[in-house]
2 protein chains.
Amino acid sequence: MNSLPQGSRPNPLFLRDEEIRQGIELLFFAYRDFTSDADAVLARHGMGRAHHRAIHFIGRRPGMTVNELLSILRITKQSLSRVLSQLVTEGLVAQTQGTRDRRQRLLSLTDDGKELERQLSGLQRARVTRAYREAGAEAVAGFRAVLIGLIDETDRETVLATVDKD
Amino acid sequence: MNSLPQGSRPNPLFLRDEEIRQGIELLFFAYRDFTSDADAVLARHGMGRAHHRAIHFIGRRPGMTVNELLSILRITKQSLSRVLSQLVTEGLVAQTQGTRDRRQRLLSLTDDGKELERQLSGLQRARVTRAYREAGAEAVAGFRAVLIGLIDETDRETVLATVDKD
DNA sequence: AATACTACGTCAATATCGCTGACGTAATTG
DNA sequence: CAATTACGTCAGCGATATTGACGTAGTATT
């Protein structure tokens, strides 16, 4: 955009590469600030981002199994286990035995968990809302389209099914 | 989008919140896959993402000082120190004494460092290029506008100066 | 010239979050 | 009954981040 030397005849290949690199950096900076929002709240509760991610997805998909959560987060069960048992111990997440398959432990937020989720997502929602409002509806559509394109083709369907819940 | 129960008269407040939450999740998934690209290459060199970030920004702004890099990455000098001295030891990053202020150590990539940078960014550039091509020019403009809106207002100027170099 | 500040590096201790490997239990499936 | 699956857990490790304290060289101020 405003990176073009005025009046020059830019090499289209260079332009493309420069445009791409700018996108990569914007993604870095936006994500850096975006994730920083919840940290203060988390620190007060003695938790980290891993807890936030678990709380977020359990909140959005109550009744999800441990396996489903694992494949969304793309971490090992050993890693999740630490986080999850902490959340259960502190009364933020409840586990109920699966009905169809009694080996499963269906995950859901307790009232305390919902309250924390609301606190945690508050700042992030405010940030995204502000950015959406400033950029306008068309920009939002483009934003979404590019993000979807950035996701691995193999699990784009799965992700969209998760994002557009039911 | 397709999350609206067909034929219902959706509450605009609910819609807004749902739309925002979808954006938050798309950002998570896109960034998750986006950052996974370089890991294989990094692992072969016995390095992690911290090294990648340092290499990336040094590559884009040769001659930058340690302090500048610190404020971009938003980590402590102790954290950067480990990474940086590793990169210097392995001959990927060169430090030259500042001319204006001889306390400064200006950072730049060696030829080996440039080669690694090229390898590392290759997959990411390919991913972003694909997403841009699929989504189209208008979508890209929207993508950029929203990302800029997500960045902290306080350092939006700084970031844009960094992204649009010179 | 003495003082204060800055840029950078480093030592030490700590926490989070990810990993692998191994083992166990309960429930389901063939 | 045997194999597989869902989940948990113990043990150890590595990468990345943190805070706090200290040192050294160079710059700026008084």
Side-chain angles (χ1 to χ4, degrees), chain A residues 28 31-32 35-36 38-58 63-90 93-108, chain B residues 28 31-32 35-36 38-58 63-90 93-108:
Chain A
F28 167 79
Y31 201 79
R32 179 196 68 175
T35 53
S36 74
D39 284 358
V41 183
L42 287 163
R44 260 185 276 138
H45 290 261
M47 294 189 285
R49 289 183 190 169
H51 302 85
H52 187 187
R53 291 196 282 268
I55 287 173
H56 172 93
F57 285 107
I58 294 172
M64 91 190 308
T65 68
V66 173
N67 253 340
E68 284 167 355
L69 184 53
L70 280 176
S71 54
I72 285 177
L73 297 177
R74 292 258 180 97
I75 58 177
T76 60
K77 64 175 177 176
Q78 294 91 328
S79 299
L80 180 59
S81 173
R82 197 188 322 114
V83 169
L84 213 47
S85 57
Q86 229 176 311
L87 292 173
V88 170
T89 301
E90 303 199 13
V93 166
Q95 292 177 319
T96 61
Q97 200 177 48
T99 49
R100 203 194 57 217
D101 183 334
R102 285 182 306 174
R103 291 170 302 180
Q104 297 178 332
R105 313 211 180 163
L106 309 183
L107 305 169
S108 58
Chain B
F28 166 79
Y31 202 79
R32 179 196 68 177
T35 53
S36 73
D39 284 358
V41 182
L42 287 163
R44 261 184 276 138
H45 290 260
M47 293 189 285
R49 289 183 190 170
H51 303 83
H52 186 187
R53 292 195 283 267
I55 288 173
H56 173 92
F57 285 107
I58 294 171
M64 89 190 309
T65 68
V66 174
N67 253 339
E68 286 167 354
L69 185 53
L70 280 176
S71 55
I72 285 177
L73 297 177
R74 293 259 179 94
I75 58 176
T76 60
K77 64 176 176 176
Q78 294 90 330
S79 298
L80 180 58
S81 172
R82 196 189 326 110
V83 169
L84 213 47
S85 57
Q86 230 176 309
L87 291 173
V88 171
T89 301
E90 304 199 11
V93 167
Q95 291 177 320
T96 61
Q97 202 178 44
T99 49
R100 202 194 59 215
D101 185 334
R102 285 183 304 173
R103 291 170 300 180
Q104 297 178 332
R105 313 209 181 165
L106 309 183
L107 305 169
S108 59

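A quick note: this is a predicted structure, and the numbers were derived from the prediction, not measured.
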Measure all distances between protein nitrogen or oxygen atoms and nitrogen or oxygen atoms of nucleotides 13-15 of chain C, and list the pairs falling under 3.5 Å.
none

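Using a 4.5 Å heavy-atom threshold, the side chains of B:Ile58 and B:Leu84 count as touching. At least one side-chain heavy atom of A:Met47 sits less than 4.5 Å from a side-chain heavy atom of A:Leu87. Counting only heavy atoms from C-beta outward, the side chains of A:Gln95 and A:Leu107 approach each other to under 4.5 Å.
Of the side-chain N and O atoms in B:Ser81, one or more sit less than 4.0 angstrom from OP1 or OP2 of C:dT10. Contact check, B:Arg105 against D:dG26: no side-chain N or O comes under 4.0 Å of OP1 or OP2. For A:Asn67, a side-chain nitrogen or oxygen approaches OP1 or OP2 of D:dC7 to under 4.0 Å.
A straight line from CG of B:Leu70 to P of C:dG9 spans 9 Å, rounded to a whole angstrom. As rounded to whole Å, 18 Å separates atom P of D:dG14 from atom CG of B:Asp39. Atom pair A:Arg74:CZ and C:dC17:C1' shows a separation of 17 Å (rounding to whole Å applied). Here the P atom of nucleotide D:dT18 and the CD1 atom of B:Ile75 are 6 Å apart, to the nearest Å. Here the C1' atom of nucleotide D:dA28 and the CD atom of B:Gln104 are 14 Å apart, to the nearest Å. Separating the CG atom of A:Leu69 from the P atom of C:dG18 is a distance of 11 Å, rounded to the nearest angstrom. One interatomic measurement links the two molecules: CG of A:Leu80 to P of D:dT9, which rounds to 11 Å at whole-angstrom precision.
Within a heavy-atom distance below 4.0 Å of DNA chain C, the residues of residues 82-90 of chain A found are A:Arg82. Residues from residues 43-52 of chain B with heavy atoms under 4.0 angstrom of DNA chain D, sorted by number: B:Gly48, B:Arg49, B:Ala50, B:His51.
A:Asp101 meets the side chain to side chain donor-acceptor pair (under 3.5 Å) test with A:Arg103; sequence neighbours excluded. Looking at residues two or more places apart in sequence or on another chain, you find a ring pair (Phe, Tyr, Trp, His ring centres under 6.0 Å) between A:Phe57 and B:Phe28, B:Phe29. Every side chain to side chain contact (heavy atoms under 4.5 Å, CB included) that A:Arg74 has, sequence neighbours left out, goes to A:Asp152, A:Asp155, B:Arg32, B:Asp33. When the side chain to side chain contact (heavy atoms under 4.5 Å, CB included) test is applied to A:Gln78, the partners found at least two apart in sequence or on another chain are A:Thr76. Every side chain to side chain contact (heavy atoms under 4.5 Å, CB included) that B:Ile75 has, sequence neighbours left out, goes to B:Leu70, B:Leu73, B:Ser79, B:Leu80. Under the side chain to side chain donor-acceptor pair (under 3.5 Å) criterion, A:His51 pairs with A:Gln86, not counting sequence neighbours.
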Open item on the list: Using a 4.0 Å heavy-atom cut-off to protein, can you give one letter per nucleotide of nucleotides 20-30 of chain C, 5' to 3': B if the base is in contact, S if only the sugar-phosphate is, - if neither?
Closed with: BBB---BBS--

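B:Ser108 and B:Gly63 make their closest contact through CB-N, 4.4 Å (heavy atoms, listed as atom of the first residue, atom of the second, distance). When all heavy atoms are compared, the tightest approach of B:Val83 to B:Ala54 is CG1-CB, 4.3 Å.
Sorted by first then second residue, the side-chain hydrogen bond (donor to acceptor under 3.5 Å, both in side chains) pairs that include residues 38-47 of chain A, not counting sequence neighbours, are A:Asp39-A:Arg49.
A:Gln95 comes within contact range of the sugar-phosphate backbone alone, with a heavy-atom separation under 4.0 Å but no base atom that close.
Taking CZ of B:Arg105 as the reference point, atom OG1 of B:Thr96 lies at 11.0 Å (rounded to 0.5 Å). Between the OG atom of A:Ser71 and the CD atom of A:Glu68 there is a distance of 7.0 Å, given to the nearest 0.5 Å.
Base pairing in DNA chain D gives the following stems of 3 or more Watson-Crick or G-U pairs, range against range and under 3.5 Å: C:1-30 with D:1-30.
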